[in-house]
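One structure below.
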Amino acid sequence: MTVACVIPARYASTRYPGKPLAMLRGATGEARSLIERSWRAAQGVAGLDAVYVATDDERIAEAARGFGADVLMTSSVARNGTERCAEALEILGDVEMVVNLQGDAPLTPHWFLEELVAGLRADSQAALATPILRCDGETLSALKADRAAGRVGGTTAVADSKRRALYFSKEVVPFTSEDYAPEADTPVFHHVGVYAYRPWALRAYPHWSIGPLETLEGLEQLRFLEAGHPVLCVEVEARGSKFWELNNPEDIPRIEAMMAEMGTV
């Protein structure tokens with residue numbers, strides 16, 4: 001096995017308990033669970049040798065097996081998706097890399113993951129890679145609206161000239177006071193919650209201390225930065241596709257509208 005895709009899923013989410021089993025209606029009106037839609041998204045990615053759902057909850061495991069997924073049972077002590085992927089790696093053994101497709105990102109286009117894998121292969125110095133997507137005015141407005149309403153929504157990313165991550169935040173960074181047309185490019189990048197890890201980094205991750213930035217932001221990828229390990233940001237393009245993650249119940253109508261617009265069944 002060369003590239004294993006792991007979809008970490010837990011039932012006891014702090015902000016949205018039971019989120020992986022939340023139902024989303026596609027363009028035809030058929031409802032499928034969030035975890036199934038994320039698994040189906042992974043099935044369309046070229047270059048993945050296997051796709052697994054990793055969970056500690058039998059309800060999620062039963063649902064996943066029901067739609068045909070291979071399941072890896074992990075412990076309840078994993079504090080985030082990366083730690084769950086590290087447990088999955090111990091079960092899988094030797095692989096070239098592990099791709100973490102978050103179980104709340106059913107709209108992730110296949111080329112995001114394909115370009116992510118290619119990016120990490122091309123950069124031998126990076127411990128992991130993650131996609132970033134330049135926000136248009138419409139997306140930036142939605143991110144700002146979430147924050148204004150007190151909702152913890154999408155994550156933004158700031159990188160240097162070599163696309164090494166400088167910071168990730170639940171706030172909208174960098175600050176801009178400009179108004180942008182809905183389809184205009186902005187200087188803000190939406191972080192796509194997908195990762196490709198080198199095995200050594202993934203194995204080491206659970207043993208690093210949780211730093212103050214990870215604690216404040218609640219963002220697992222900050223542990224790599226706080227431990228001094230470079231994170232490669234791979235810029236991807238939407239190519240006309242819509243992208244949004246399911247962070248709160250209020251995101252369901254937005255994602256369903258996007259699936260209807262794109263014809264996603």
*Do you know the tightest heavy-atom contact between T186 and G137?*
CG2-N, 3.8 Å
_Using modelled atom types and a 3.5 Å cut-off, is there a donor and acceptor pairing between side-chain atoms of K170 and backbone atoms of G153?_
yes
*Indicate whether any N or O donor in one side chain lies under 3.5 Å from an N or O acceptor in the other, for T156 and E171.*
no
*Begin from the C-alpha positions of T55 and Y11 and carry the test side chain to side chain donor-acceptor pair (under 3.5 Å) through to its verdict.*
CA-CA 8 Å; T55 186; Y11 194 91; over 6 Å; no
*asked:* Ignoring hydrogens, what is the shortest heavy-atom contact between I210 and T215? Give both atom names and the distance.
replied: CG2-OG1, 3.5 Å
*How long is the gap from OG1 on T155 to CD on E217, to the nearest 0.5 Å?*
8.0 Å
*How long is the gap from CD on E87 to OG1 on T74, to the nearest 0.5 Å?*
5.0 Å
*Roughly how far, to the nearest 0.5 Å, is the CG atom of D49 from the OG1 atom of T2?*
4.5 Å
*Using salt bridge (charged side-chain N to carboxylate O under 4.0 Å, His left out) as the criterion, list what pairs up with E114, not counting sequence neighbours.*
none
*With distance as the sole test, does R32 use its side chain to make a donor-acceptor pair with the main-chain N or O of E36 at under 3.5 Å?*
no
*Take atom CZ of R163 as the centre, draw a 6.0 Å sphere, and report whether it contains more than 12 heavy atoms from other residues, nucleotides or ligands.*
yes
*Closest approach of M73 to D56 (non-hydrogen atoms, all atoms of both residues)*: CE-C, 4.0 Å
_Nearest 0.5 Å, please: how far is CG in L34 from CG in L21?_
8.5 Å
*asked:* Counting neighbours of CD on E90 that are heavy atoms of other residues, nucleotides or ligands and sit closer than 6.0 Å, is the number greater than 12?
replied: yes
*Heavy-atom distance under 4.5 Å between the side chains of V117 and V99, does that happen here?*
yes
*Can any side-chain N or O of R65 pair as donor or acceptor with the backbone N or O of D70 at less than 3.5 Å?*
no
*Flag the pair L232 / T130 as yes when at least one side-chain heavy-atom distance between them is below 4.5 Å, and no otherwise.*
no
*Examine distances only and state if a side-chain atom of D123 and a backbone atom of L120 form a donor-acceptor pair shorter than 3.5 Å.*
no
*asked:* Any heavy-atom pair between the side chains of V194 and N100 that's under 4.5 Å?
replied: no
*How far does CD of E245 sit from CZ of R254, to the nearest 0.5 angstrom?*
12.0 Å
*Results of ring pair (Phe, Tyr, Trp, His ring centres under 6.0 Å) for W244 - residues two or more places apart only*: H190
*Heavy-atom donor-acceptor pair, N248 side chain to D251 backbone, under 3.5 Å*: no
*Does W200 use its side chain to pair, donor to acceptor, with the backbone of A127 at less than 3.5 Å?*
no
*asked:* Distance check, rounded to the nearest 0.5 Å: R203 atom CZ versus L89 atom CG?
replied: 4.0 Å
*Heavy-atom distance under 4.5 Å between the side chains of D136 and P182, does that happen here?*
no
*May I ask whether I255 and M23 are part of the same hydrophobic cluster, defined by side-chain heavy atoms of I, L, V, M, F, W, Y residues being less than 4.5 angstrom apart, directly or through others?*
no
*Crowding at CG, D179 (>12 non-hydrogen neighbours, <6.0 Å)*: no
*Grab the two heavy atoms, one from A22 and one from Y16, that are nearest each other, plus how far apart they are.*
CB-OH, 3.5 Å
*Output every pair passing ring pair (Phe, Tyr, Trp, His ring centres under 6.0 Å) with a member in residues 125-162, not counting sequence neighbours, ordered by first then second residue.*
none
*Below 4.0 angstrom, N of the basic side chain to O of the carboxylate: do E214 and R79 qualify?*
no
*Among all residues two or more places apart in sequence or in another chain, which pass the side chain to side chain donor-acceptor pair (under 3.5 Å) test with S76?*
none
*Hydrophobic cluster partners of L166 (side-chain heavy atoms under 4.5 Å)*: V158, V173
*Contacts of type ring pair (Phe, Tyr, Trp, His ring centres under 6.0 Å), residue F224, not counting sequence neighbours*: Y205, W208
*So which pairs with a foot in residues 130-172 pass ring pair (Phe, Tyr, Trp, His ring centres under 6.0 Å), sequence neighbours left out?*
F168-H191
*asked:* Tell me whether Q102 contacts the main-chain N or O of G81 through its side chain, where contact means a donor paired with an acceptor under 3.5 Å.
replied: no
*Salt bridge or not for E220 and R84, using N-O below 4.0 Å?*
no
*Got a sec, which pairs hit ring pair (Phe, Tyr, Trp, His ring centres under 6.0 Å) with one end in residues 81-100, sequence neighbours left out?*
none
*Hey, quick one: are L24 and M258 part of the same hydrophobic cluster, counting side-chain heavy atoms closer than 4.5 Å, chains of contacts allowed?*
yes
*Could you walk me through whether R59 and D57 pass salt bridge (Lys or Arg N to Asp or Glu O under 4.0 Å), step by step?*
CA-CA 5 Å; R59 290 165 291 189; D57 192 279; 2.8 Å; yes
*asked:* Determine whether a donor-acceptor pair (N or O, by modelled atom type, separation under 3.5 Å) exists between the side chain of R223 and the backbone of S209.
replied: no
*Counting N and O atoms only, with roles assigned by atom type, does the side chain of R147 sit under 3.5 Å from a partner on the main chain of R151, one being a donor and the other an acceptor?*
yes
*Go through the structure and list residues passing side chain to side chain donor-acceptor pair (under 3.5 Å) with Y195, not counting sequence neighbours.*
Q221
_Step-by-step salt bridge (Lys or Arg N to Asp or Glu O under 4.0 Å) determination, E96 to R198_ = CA-CA 7 Å; E96 177 194 353; R198 299 199 186 282; over 6 Å; no
*Side-chain touch D104/N247, heavy atoms, less than 4.5 angstrom*: yes
*Heavy atoms, side chains only, cut-off 4.5 Å: are V45 and C5 in contact?*
no
*asked:* Quick one: does any side-chain atom of K19 pair with a main-chain N or O of L246 as donor and acceptor, under 3.5 Å?
replied: yes
*asked:* Please enumerate all residues that pass side chain to side chain contact (heavy atoms under 4.5 Å, CB included) together with P230, with sequence neighbours excluded.
replied: R164
_So for atom CD, which belongs to E62, do other residues, nucleotides or ligands contribute more than 12 heavy atoms lying within a distance under 6.0 Å?_
no
*Linking I/L/V/M/F/W/Y whenever their side-chain heavy atoms sit closer than 4.5 Å, directly or via other members, would F189 and L107 fall into one cluster?*
no
_Which residues pass the side chain to side chain contact (heavy atoms under 4.5 Å, CB included) test with A64, not counting sequence neighbours?_
V53, F67, A69, V71
*Heavy-atom pair of closest approach, residues I7 and A42*: CD1-CB, 4.4 Å
_Side chain proximity check, F112 to L133, heavy atoms < 4.5 angstrom_ = yes
*Going by heavy atoms in the side chains, are M259 and R37 under 4.5 Å from each other?*
yes
*Which pair of non-hydrogen atoms, one from G119 and one from V234, has the smallest distance, and what is that distance?*
CA-CG2, 4.3 Å
*Tell me whether W111 is reachable from W39 by hopping between hydrophobic residues (I, L, V, M, F, W, Y) whose side-chain heavy atoms are closer than 4.5 Å.*
yes
_Sequence-distant partners of E115, salt bridge (charged side-chain N to carboxylate O under 4.0 Å, His left out), two or more places apart_ = R239
*If Ile, Leu, Val, Met, Phe, Trp and Tyr residues are connected whenever their side-chain heavy atoms lie under 4.5 Å apart, and connections chain through other members, are I132 and L140 in the same group?*
no
